[in-house]
K.L.:
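Here it is: the structure, laid out below.
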Amino acid sequence: MSSVKDYAKASFRIVDPDEVRIEYDENEDLLTIYIDGKVYRGVEPIKPFPLSNPYYVLFRSTLTHEDVCVVRDIRRLKREQRSLLEAVLNKRYFIPSIVDVYDITYTGEYYVCRVKTDRGDRIFKIIGRRNVYRIDDKIVIIDVDENIYLIESYEKMGRRAKEELMKII
Amino acid sequence: MSDDESIVARFESDIGVDGRYGVSQLFITNKRCIVYDDRGRVVHSIDLPCISSVSVVDYVGNSEIKLTLRDGRIIHLIRFTRSLRREFNEAAGLIESASSIRSAIDNQRVEQEKMRLKMEPLLFVLKFAIPYKLALILGIASGIAGIFLGLLPPYYLRILIDDVILAQRREQLIVIITIIIVTQALSSALGAVRSYTLSYVSLKVMYSIRVSLFRHIMRFQPNILDTYESGRLISRITDDASRVNWFLSWGLEQLLRSVISLASVAAMIFALDQRLAMIALAPLPLLIFGVSMFSRKARWVYHYEWRRSTDVSALLVDVIPGFPVVKAYCMEGYEEDRLKTRLSEVVKAGLRSTILNLEFFPMLSFLISSATAIIWWIGGLEVLGGGITLGVLSAFISYVSQFYGPIQMLISMVEPMKRASTAAERIQSLMAMDPSIRDSPNSIDLDVKGWIKFENVWFGYTPYAYVLKNVSFEVKPGEKIGIVGPTGSGKTTITKLLLRFYDVGKGRILIDGVDIRDIKIESLRRQIGIVSQDPRLFNDSIANNIRYGKPDATPEEVMAAAKIALAHDFILEKPLRYDTPCGEGGSMLSGGERQRIAIARTVISDPKILILDEATSSVDTITEDGIKKALDNIARGRTTIIIAHRLSTVKDVDRLIVVDKGEIVEVGTHEELLERNGLYARLWSTQFQEKLADAMVSQ
C-alpha cells in the first residue's frame with residue numbers, strides 16, 4: 001500500500017525552473033522541453049488550477065498523454081523562457097481580469113455587464129447568479145458564450161464597481 | 001406476588017389480547033413480567049431468568065414485544081399500536097436487563113429534572129445578546145431618550161400658543177422655534193444611533209445564533225437525521241434564528257420603548273388635566289379586552305396562513321428539482337393544478353387574516369378617534385369657559401395621539417412575540433440535546449492497521465427492532481471482503497456501525513483489538529474511507545472537493561488522487577480543469593465523473609480501511625470498468641470491505657459474507673459458495689440469468 005504522497009512523487013516530476021528549457025514549435029503549436037539532457041517533443045502546457053493557482057503549470061505529452069513535469073511557479077523561470085511560455089499560455093487561457101465595472105443593467109432576460117478588463121473594455125451578458133461563482137476570494141464570471149472573466153478581489157474593487165457587482169453576486 | 005417481589009414498572013397497551021382496541025397491561029417486577037387482559041386475567045407470566053432475548057417487532061399499524069426463552073420457545077408478549085412504540089421500547093429494555101432497571105428509572109428522573117429546570121425560552125436565547133450588551137444598551141437608551149425628547153414638542157406647543165402667540169411676545173417666537181428645531185435634530189440623531197446600534201446587534205446576534213446552532217448540530221452523528229429531518233434543521237438555523245433575533249434586537253427595544261412611552265405620556269396628560277386624562281384613557285379596558293380576543297383568534301389564523309405558505313414552498317421544493325420527471329411524463333398541467341390549489345388556499349388564508357384584522361383594527365381606530373373627539377368637545381367647552389387655555393388643550397391632544405401609538409405597537413407585537421417565543425423554544429430544545437455518540441473520556445488515538453472484528457453485534461435503528469442479529473466476522477489487515485445479500489438485509493448498516501454513526505445495541509466492534517467506542521471518533525473516521533453509491537459533492541471546485549479528504553493536500557497530491565481514481569484525464573479536458581465548479585450536489589458533472597471525484601476524495605485521505613458501498617451500482621458498464629480499475633488501484637494493500645448488490649463486482653474478493661435479514665448466513669469464496677448451493681448460489685444464478693436475458697434482448 002503506497003500513500004498518495006508517494007504516488008504523487010512518482011507521478012509528477014517537479015522541476016526546478018532553472019533546470020528546464022522550453023522551445024516553442026510554431027507549426028504544432030506545442031512545446032519542446034529539455035530536462036536533464038532529455039528531450040520531450042509535442043508537449044502541451046496546462047494550468048491544472050487556472051484560477052486558484054495560475055502560475056502552476058503541468059507539461060503533458062500530447063503523444064503519450066503522460067505528464068512530463070510540473071513547474072510550480074512559472075514566474076521563477078528565466079525571463080525569456082517565461083515570456084515564451086506565457087505567450088503560449090495566454091492564448092490557451094484567455095481569462096481577462098475585470099478591473100472596473102462601468103454598469104450592469106438587467107434587460108429582463110440577461111444582465112448586461114459593461115466592464116474594464118486588463119485586456120481592454122468589454123460588454124458581455126450573463127443569465128444570473130448561476131454564471132457567477134467564487135473560488136477562494138476570487139470571483140469567476142462565465143458569460144452566455146462561455147467566456148471567462150476573473151475578479152481577483154471584490155474587496156479591492158472601487159466603490160461604484162462594488163455597487164454594480166452587487167446586482168449579480 | 002410473593003413478599004420479596006415488587007413492581008418495577010407498569011405499561012398499558014391500547015390493543016387487547018383479542019386484537020381489538022382495548023386494554024391489556026404489562027407489569028414488570030423484579031422477578032417476572034406479567035401480562036393481564038382487560039378483565040385482570042393473567043395472559044402471560046414469564047420469569048425474567050428464563051428470557052434469553054427480547055425484541056420489538058413492527059407490523060403495519062401495530063407492534064409487539066417478542067420474547068425468546070432459554071428453552072427456545074417464543075412468547076408474543078403484548079401488542080400495542082405504534083403510538084405506544086416508545087413506551088414499550090422502554091419496557092423491552094427493562095425486561096432485557098434487570099440491572100438496567102435502576103439506571104433507566106434514574107435516567108427518567110434526570111430527564112424530568114432537566115425539563116423542570118428548563119429556562120424560559122426567551123431568557124435562554126437572551127444569552128446570545130450578552131456579548132453585545134453595550135451596543136444593545138446604547139440602542140435601547142437612545143430609543144428611550146428619543147421618547148423623552150418626543151414629549152417636549154407638545155410642551156413647547158403649549159408655550160408657543162399661550163405664552164408667545166396669544167401673549168403677543170414676538171421676541172420669544174424665535175427662541176421657541178429654535179428649541180423645537182434643536183429638539184427635532186437631537187431626536188433624529190438619537191434615532192440614527194438607535195437604528196445603527198440595534199442593526200449591529202441584530203446582525204451580530206444572528207451570526208452568533210447561527211454559528212452556535214451549526215456547531216451544535218455538527219457535534220452530532222448522522223443519526224440526528226432520524227430525529228430531525230434535514231429541512232427542519234435548516235429551518236432552525238435560518239427561520240427560527242431570524243425570529244429570535246428580531247426579539248433580541250428590535251422586539252425587546254420596541255417593547256421597552258412602548259411601555260416607557262405609554263407611562264411617560266400618561267404621566268404628562270395627567271399632569272396637564274386629570275379629567276381629560278380620564279376620558280382619554282376610557283377606551284383602554286375595551287382595547288385590552290379586544291387585544292386579548294384578537295390575539296387568541298389571530299394565533300390560529302396566522303398559523304393557518306403560515307402553513308398554507310409552507311405547503312406552497314414544499315410543493316415547489318418537490319417539483320422544481322424533479323422538473324425532468326415532470327417533463328418526461330408531460331405532467332406540467334397536473335403540477336400547475338396542484339400549485340393553483342395550494343396558492344388558492346394561500347389567498348383564502350390571507351383574506352381570512354385580512355378580515356380578522358378588519359374586524360379589529362377599524363374598531364380600534366374608531367375608539368381612539370371617538371375619545372379624541374370627546375376630548376375636543378369637553379376640552380373646547382373648558383377653553384370657552386376659561387377652565388383651561390387653548391395651549392393646554394392643543395398639547396393634550398398632541399399627547400393623546402402619542403399615547404395610542406405605543407398601544408398599537410404593543411398590539412402589533414403580540415404575534416411576532418409569540419412566533420419568537422416558539423422559535424426560541426425550538427432552538428432551546430435542539431441546543432439541550434446532547435449527542436448520543438461521543439468520545440468517551442478514555443478514548444485513544446489509534447494508528448489503525450486494519451484488523452476488524454464484529455463480535456456478536458446486535459443493532460436496530462429503533463431499539464429492539466434489530467436489523468443486525470448476532471453478527472460476527474473478522475477481516476484481517478489487507479484482506480478484501482465482499483458483503484452481499486438481498487436489499488434490506490443489513491449490509492450498509494454494517495458500514496455505518498464501523499464508522500460509528502450509530503453504536504451497537506449489543507456486542508462490540510473491534511479494530512486492531514480495540515473496541516471502537518474507545519477510539520476517538522475523529523481518529524477512527526480519518527482512517528476509514530468510504531465511497532458510497534450516490535456520493536455527495538459540494539458546490540465548490542473539483543480541486544476543493546478532492547481536498548475535502550485532506551485539506552492541506554499539495555496540488556500534486558490532488559492530481560495524484562485524481563489519477564488513481566482515473567479522473568485526472570477527464571478533469572484536464574474541462575476548460576477550468578481542477579477549478580471547474582461541480583454545481584449543487586455535483587449537478588454539473590455526470591454520474592461517473594461524480595463517482596470518480598468521490599473516489600479521489602477518499603483516496604487522498606489515505607484510509608487504512610476502505611469501504612466501497614455499492615460504489616459502481618449507478619453507472620454504466622464502461623464507466624464501471626473504469627471505476628473498478630480505480631478501486632483496484634486504491635484497494636491494494638488496504639483492508640477493504642466491498643458491499644455490492646451486483647455480485648459480478650465482488651466475485652474476486654478474498655472472502656464473501658452473505659447477509660440475509662440481518663444475519664450472516666454464508667461465508668466463503670465465490671467458488672465455495674456456489675458449491676454450497678445456498679442463498680449466494682441462488683442470487684448468482686438469478687443475476688446471471690438476468691444478464692443473459694439482457695444480452696439476448698440487446699442482440
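In the text below, chain A, chain B and the rest are named by the order of the sequence lines, each starting its count at 1.
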K.L.:
Using non-hydrogen atoms and a 4.5 Å limit, figure out which bit of B:I564 sits close to chain A: side chain, backbone, both or neither.
P.N.:
both

K.L.:
Closest approach of B:P581 and A:Y133, non-hydrogen atoms and distance?
P.N.:
CD-OH, 3.3 Å

K.L.:
Do the side chains of A:D67 and B:M559 get nearer than 4.5 Å, heavy atoms only?
P.N.:
no

K.L.:
So A:H65 and B:D569, side-chain contact (heavy atoms from CB on, under 4.5 Å) or not? Walk me through it.
P.N.:
CA-CA 9 Å; A:H65 297 289; B:D569 287 346; 5.7 Å; no

K.L.:
Tell me, yes or no, whether the heavy-atom count around B:Y207 atom OH, taken from other residues, nucleotides or ligands under 6.0 Å, exceeds 12.
P.N.:
no

K.L.:
How long is the span from the CZ atom in A:F49 to the OG atom in B:S541, to the nearest 0.5 Å?
P.N.:
9.0 Å

K.L.:
For the candidates B:R577, B:H568, B:K550, which exhibits the highest count of non-hydrogen atom pairs separated by less than 4.5 Å from chain A?
P.N.:
B:R577

K.L.:
Here's a test for you: under side-chain contact (heavy atoms from CB on, under 4.5 Å), which of A:R13, A:R72, A:K9, A:K5 qualifies with B:E556?
P.N.:
A:R72

K.L.:
Check the pair B:L576, A:I135 against side-chain contact (heavy atoms from CB on, under 4.5 Å), reporting the backbone distance first and the verdict last.
P.N.:
CA-CA 12 Å; B:L576 290 177; A:I135 184 158; over 6 Å; no

K.L.:
Calculate, to the nearest 0.5 Å, the distance between atoms CG and OG1 belonging to A:N53 and B:T554 respectively.
P.N.:
11.0 Å

K.L.:
Give a yes or no on this: more than 12 heavy atoms of other residues, nucleotides or ligands lie within 6.0 Å of atom CD of A:E146.
P.N.:
no

K.L.:
Could you point out which residue of A:E44, A:R60, A:K47 forms a side-chain contact (heavy atoms from CB on, under 4.5 Å) with B:L572?
P.N.:
A:R60

K.L.:
Counting neighbours of OH on A:Y34 that are heavy atoms of other residues, nucleotides or ligands and sit closer than 6.0 Å, is the number greater than 12?
P.N.:
yes

K.L.:
Below 4.5 Å from any heavy atom of chain A, which atoms of B:N544 appear? Answer side chain, backbone, both or neither.
P.N.:
side chain

K.L.:
What distance do A:F12 atom CZ and B:K563 atom NZ have between them, rounded to the nearest 0.5 Å?
P.N.:
4.5 Å

K.L.:
Is it the backbone or the side chain of B:S605 that comes under 4.5 Å from a heavy atom of chain A, or both, or neither?
P.N.:
neither

K.L.:
Report, as yes or no, whether the 6.0 Å neighbourhood of atom CZ on B:R526 holds more than 12 heavy atoms from other residues, nucleotides or ligands.
P.N.:
no

K.L.:
Using a cut-off of under 4.5 Å for heavy-atom pairs, which of B:A543, B:G478, B:G583, B:P555 has the most such pairs with chain A?
P.N.:
B:P555

K.L.:
Run B:D579 and A:V140 through side-chain contact (heavy atoms from CB on, under 4.5 Å) and show every step you take.
P.N.:
CA-CA 10 Å; B:D579 285 335; A:V140 182; over 6 Å; no

